[in-house]
Chemist: 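Quick one: this structure, given as structure tokens, is what I'll be asking you about.
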Amino acid sequence: MKFEDYHFAPEIKANLNALGFKRPTDIQYRSIPPILKGEDVLAIAQTGTGKTAAFVIPILEILLKQKESVEEKAIRCLVMVPTHELSIQNGKVFEEIGMGLGLKTCCVFGSTEQDPQIEELKQGVDILVATPGRMFDLVSQGFIQLDQIEIMVLDEADHMLDLGFIHDIRHLITFIPRNHQTLFFSATINEEIKKIAYSLVHNPIRIQISPKDPVAKNINHSVVFVTMDDKRFFLERVIKQNKDSKILVFVRTKVRAERVCKALERVGIPSETIHGGKDQKERSEIMERFSTGENKILIATDVSARGIDIPNVEYVVNYDLPEEAENYVHRVGRTGRGVQKGTAVSFCCDEEKELLEEIEDYVHTPIARIEMNKTDYEDIIDFSAEKKDDWHSLIQNFNEIDAKRKGKKKK
């Protein structure tokens with residue numbers, strides 16, 4: 001079935017066609033009909049399979065059909081997300097697919113000035129995409145009213161609940177009408193979160209796509225065993241062998257991110273970092289440069305993993321293995337989006353082998369090993385510009401010391 005065969009508004013069909021959406025993905029095909037019928041939905045699908053559009057498309061159709069019968073300027077759809085980046089990404093999808101419909105989307109999130117967001121809210125909003133903290137701040141100040149909400153979406157819901165937002169979500173439900181529709185979308189779920197999910201939805205339609213293989217089939221992912229100190233040489237090799245590729249590098253902490261950035265700088269490779277230590281304006285500018293390809297190397301922490309939905313990311317590099325196994329799925333899922341092919345490689349040192357075992361248990365299959373003999377390993381280190389520079393510096397220092405020693409003898 002093609003999107004043109006659905007009974008959507010002409011504007012939605014035209015926008016989908018302009019965006020290259022020809023046929024629905026599995027999650028879209030199975031989610032759109034029950035959402036249009038007003039059912040609660042609990043949907044689990046791999047990262048990169050089109051989950052956002054799976055709820056955006058039917059929500060726009062529902063809101064458009066009922067537009068004339070509701071109060072002007074009322075917020076009718078609330079989408080809750082765990083991160084600033086995901087708020088911006090979701091807002092963008094609503095705007096692109098909803099272009100020309102006369103429906104207004106607003107994104108609110110912390111770590112940035114609230115005044116511009118308040119001004120946007122005052123002008124009237126149909127769809128609100130929000131992180132919990134900032135949203136409740138604006139509710140308490142009287143700038144957000146939730147008494148007209150028809151649809152509530154929890155996107156990347158497992159991550160929201162893991163981050164401890166469950167109390168916020170339960171509090172939120174006291175503000176919105178009891179007969180609202182709830183949509184629960186995520187890439188992963190466990191038994192504990194499943195119980196919480198079922199407490200938030202009413203007789204939901206459960207949709208689960210490829211639950212036994214959380215990594216999409218169009219992502220070629222592998223692991224190579226590298227000592228901690230040699231990881232920078234291997235990253236340099238990956239980048240220089242793929243000069244025109246957009247590469248996303250994941251590290252464990254913001255301190256590590258800055259160190260890796262400096263290591264790349266020493267060998268003449270420009271890169272940028274994104275993590276919780278940067279303010280929202282700076283993060284948005286960095287994401288924009290990565291999106292347009294002005295900067296092709298982005299070093300990120302897991303706090304940003306779920307908010308990075310950038311087209312044409314050819315490579316993901318796990319410079320550090322994630323401490324939470326499910327984050328591996330979200331990391332590698334930043335490449336191979338939709339129908340595109342992607343490649344992910346992980347660097348694993350001795351201290352991380354236990355983490356690798358946990359990841360393989362989680363994805364239900366061994367990750368392909370990149371076999372490397374001692375000669376190949378040493379060739380990669382010798383390939384490094386940093387290694388060469390260090391050697392030249394060593395020779396230069398030796399010559400300087402030798403010259404000083406000879407000078408003293410002459411005296």
Side-chain angles (χ1 to χ4, degrees), residues 6 8 12 24-66 70 74-83 86-87 89-95 97-98 103 105-107 125-132 135 146 148-162 165-166 168-170 172-173 175-189 193-209 211 306-307 309:
Y6 284 80
F8 294 146
I12 293 178
T25 63
D26 286 348
I27 188 63
Q28 292 163 4
Y29 180 77
R30 294 178 59 182
S31 298
I32 289 173
I35 294 175
L36 289 173
K37 290 177 182 178
E39 304 272 10
D40 282 8
V41 170
L42 174 57
I44 313 299
Q46 299 161 321
T47 296
T49 55
K51 291 192 303 297
T52 305
F55 61 79
V56 168
I57 295 169
I59 286 174
L60 290 171
E61 180 69 18
I62 291 169
L63 297 184
L64 183 64
K65 283 185 176 179
Q66 300 172 358
V70 297
I75 299 172
R76 301 164 57 201
C77 174
L78 172 64
V79 182
M80 298 291 288
V81 295
T83 65
L86 196 56
S87 174
Q89 294 288 353
N90 278 6
K92 183 179 179 182
V93 176
F94 270 107
E95 289 174 356
I97 298 178
L103 296 170
T105 300
C106 175
C107 300
V125 171
D126 299 282
I127 302 153
L128 179 65
V129 185
T131 54
M135 189 205 70
L146 302 173
Q148 300 294 314
I149 295 293
E150 301 168 23
I151 306 170
M152 181 179 75
V153 183
L154 301 181
D155 190 22
E156 297 291 4
D158 60 331
H159 192 38
M160 290 194 67
L161 301 179
D162 276 345
F165 288 133
I166 180 58
D168 288 333
I169 293 167
R170 292 195 190 283
L172 165 68
I173 292 174
F175 285 85
I176 63 180
R178 292 186 64 182
N179 61 344
H180 69 275
Q181 181 180 10
T182 301
L183 310 177
F184 189 107
F185 276 75
S186 187
T188 57
I189 194 167
I193 292 174
K194 191 187 298 182
K195 290 179 183 178
I196 297 172
Y198 275 106
S199 73
L200 301 174
V201 293
H202 178 68
N203 294 330
I205 302 297
R206 176 162 179 167
I207 301 166
Q208 195 154 352
I209 307 294
R306 302 195 188 208
D309 188 9

Chemist: Of all heavy-atom pairs between I35 and Q181, which one has the smallest distance, and what is that distance?
Modeler: O-NE2, 3.1 Å

Chemist: Got a second to check how far M80's CE is from L86's CG, nearest 0.5 Å?
Modeler: 12.0 Å

Chemist: If you take all heavy atoms of R76 and I62, which pair is closest and at what distance?
Modeler: NH2-O, 4.2 Å

Chemist: Could you check whether any side-chain heavy atom of I209 comes within less than 4.5 Å of a side-chain heavy atom of T25, counting everything from C-beta outward?
Modeler: no

Chemist: Give me the atom names and distance for the closest heavy-atom approach of G91 to C107.
Modeler: CA-SG, 3.7 Å

Chemist: Please round to the nearest 0.5 Å and tell me the distance separating atom CD1 of I32 and atom CD1 of I59.
Modeler: 11.0 Å

Chemist: Using the side chain to side chain contact (heavy atoms under 4.5 Å, CB included) rule, take Q89 and T52 through it: C-alpha gap first, then chi angles, then the decisive distance, then the call.
Modeler: CA-CA 9 Å; Q89 294 288 353; T52 305; over 6 Å; no

Chemist: I want to check something: taking the side chain as every heavy atom from C-beta on, are T83 and T131 in contact at a cut-off of under 4.5 Å?
Modeler: no

Chemist: Is any side-chain heavy atom of F185 less than 4.5 Å from a side-chain heavy atom of V79?
Modeler: no

Chemist: For K37, enumerate each residue passing the salt bridge (charged side-chain N to carboxylate O under 4.0 Å, His left out) test, keeping only those at least two apart in sequence or located in another chain.
Modeler: none

Chemist: Where do K51 and S31 land on the side chain to side chain contact (heavy atoms under 4.5 Å, CB included) test, with the steps shown first?
Modeler: CA-CA 9 Å; K51 291 192 303 297; S31 298; over 6 Å; no

Chemist: Which heavy atom of L200 sits nearest a heavy atom of L154, and at what distance?
Modeler: CD1-CD1, 3.8 Å

Chemist: Can you tell me how far apart CG (L128) and OG1 (T105) are? Round to the nearest 0.5 Å.
Modeler: 9.5 Å

Chemist: To the nearest 0.5 angstrom, please state how far the CD1 atom of I151 sits from the CG atom of L183.
Modeler: 6.5 Å

Chemist: So, for D168 and P132, which heavy atoms are closest and what is the spacing to 0.1 Å?
Modeler: OD2-CB, 4.0 Å

Chemist: Any side-chain heavy-atom pair from D155 and F55 closer than 4.5 angstrom?
Modeler: yes

Chemist: As an exercise, state the distance from CG of L42 to CD of Q208, rounded to the nearest 0.5 Å.
Modeler: 8.0 Å

Chemist: Among residues at least two apart in sequence or on other chains, which ones pass salt bridge (charged side-chain N to carboxylate O under 4.0 Å, His left out) with E95?
Modeler: none

Chemist: Quick one: list whatever passes ring pair (Phe, Tyr, Trp, His ring centres under 6.0 Å) with F184, sequence neighbours left out.
Modeler: none

Chemist: Applying side-chain hydrogen bond (donor to acceptor under 3.5 Å, both in side chains), can you list everything that pairs with T182, at least two apart in sequence or on another chain?
Modeler: H180

Chemist: Are the side chain of Q28 and the backbone N or O of A53 linked by a donor-acceptor pair below 3.5 Å?
Modeler: no

Chemist: Before giving the answer on side chain to side chain contact (heavy atoms under 4.5 Å, CB included), spell out for N90 and V153 the whole-Å C-alpha distance, their side-chain angles and the decisive distance to 0.1 Å.
Modeler: CA-CA 11 Å; N90 278 6; V153 183; over 6 Å; no

Chemist: Tell me every residue that passes ring pair (Phe, Tyr, Trp, His ring centres under 6.0 Å) with F175, counting only those two or more places apart in sequence or in another chain.
Modeler: H171

Chemist: Within a reach of under 6.0 Å around OH of Y29, are more than 12 heavy atoms found that belong to other residues, nucleotides or ligands?
Modeler: no

Chemist: Treating D126 as the side-chain partner and L103 as the backbone partner, does any N or O pair qualify as donor plus acceptor under 3.5 Å?
Modeler: no

Chemist: Please enumerate all residues that pass side chain to side chain contact (heavy atoms under 4.5 Å, CB included) together with P177, with sequence neighbours excluded.
Modeler: I149, N179

Chemist: Considering non-hydrogen atoms only, spot the tightest contact between N203 and E39 and give its length.
Modeler: O-OE1, 4.4 Å

Chemist: Please report the interatomic distance CZ(R178) to NE2(H202), rounded to the nearest 0.5 Å.
Modeler: 10.5 Å

